[in-house]
Every structure is written in structure tokens, then in C-alpha cells.
Amino acid sequence: MDAINQGLQLSLYGITITFLALGILILVISLLQVIFPVKRHVQETAERPTEPEPEVEADDDHSRRVALAAAWWYWQKKRSSSLGKQLEQGPGKRWRKS
């Protein structure tokens with residue numbers, strides 16, 4: 001029973017030290033936030049003129065989707081077409097019979 005008690009005591013010490021370190025870290029972060037508050041730049045954003053965002057045309061979005069689908073289809077066909085040849089060749093020159 002002495003070994004079990006010693007193990008439990010050691011675990012308790014470890015957990016206590018871990019949570020104390022976490023508490024100290026939270027305290028330091030809180031103190032640094034009080035000492036160095038976050039500066040808000042509200043006036044800068046109000047003074048800047050806002051420009052309208054350019055609208056993306058529906059045709060451009062559609063053509064991007066078509067191009068992406070075509071590229072994916074091409075990649076899939078290219079990758080799967082040589083699978084049998086790669087399996088017949090084996091993993092590399094090292095493993096081939098001389």
C-alpha cells in the first residue's frame with residue numbers, strides 16, 4: 001500500500017503544480033492587458049473613404065467552375081490511366097530481378 005500512496009501523492013503534487021503554473025500564467029496575461037490596453041482605431045476607419053467593391057460577373061464565376069471541373073477530370077483520368085503499368089513495374093529498380 002505504501003507504493004500506491006506514494007504514487008497518488010506524486011500525482012497530486014504534479015496536478016497542483018500544473019494548475020498553479022496555469023493560474024500564474026492567467027494572472028500575468030491579465031496584468032499585461034491592464035498595463036497595455038488595446039488601442040482602438042475608430043477614427044481612422046471613419047475618415048477613410050469607402051470604395052465600392054468590384055462586382056464579380058456570373059459568367060466569370062461559371063467559367064472558373066467549369067475550368068476547375070475540367071482540370072479535376074483531366075487529373076483523375078491521367079492518374080488512373082497508368083495505374084496498371086505502375087503496378088506491373090514494381091516499386092523501383094532495387095527490387096527488380098537482374
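Residue indices begin at 1 and follow the sequence shown.
Cluster annotation: V28 and I35 are assigned to the same hydrophobic cluster (Ile/Leu/Val/Met/Phe/Trp/Tyr, side-chain heavy-atom contacts under 4.5 Å, transitive). Follow the hydrophobic side-chain contacts under 4.5 Å out from F19 and you never reach L27; the two are in separate clusters. A single hydrophobic cluster is not seen to contain both L22 and L32; linkage of ILVMFWY side chains at heavy-atom distances under 4.5 Å, directly or through other members, places them apart.
From S63, atom OG reaches atom CG of L68 across 11.0 Å, with rounding to the nearest 0.5 Å. To the nearest 0.5 Å, the span separating CG on L20 from CD1 on I15 amounts to 12.0 Å.
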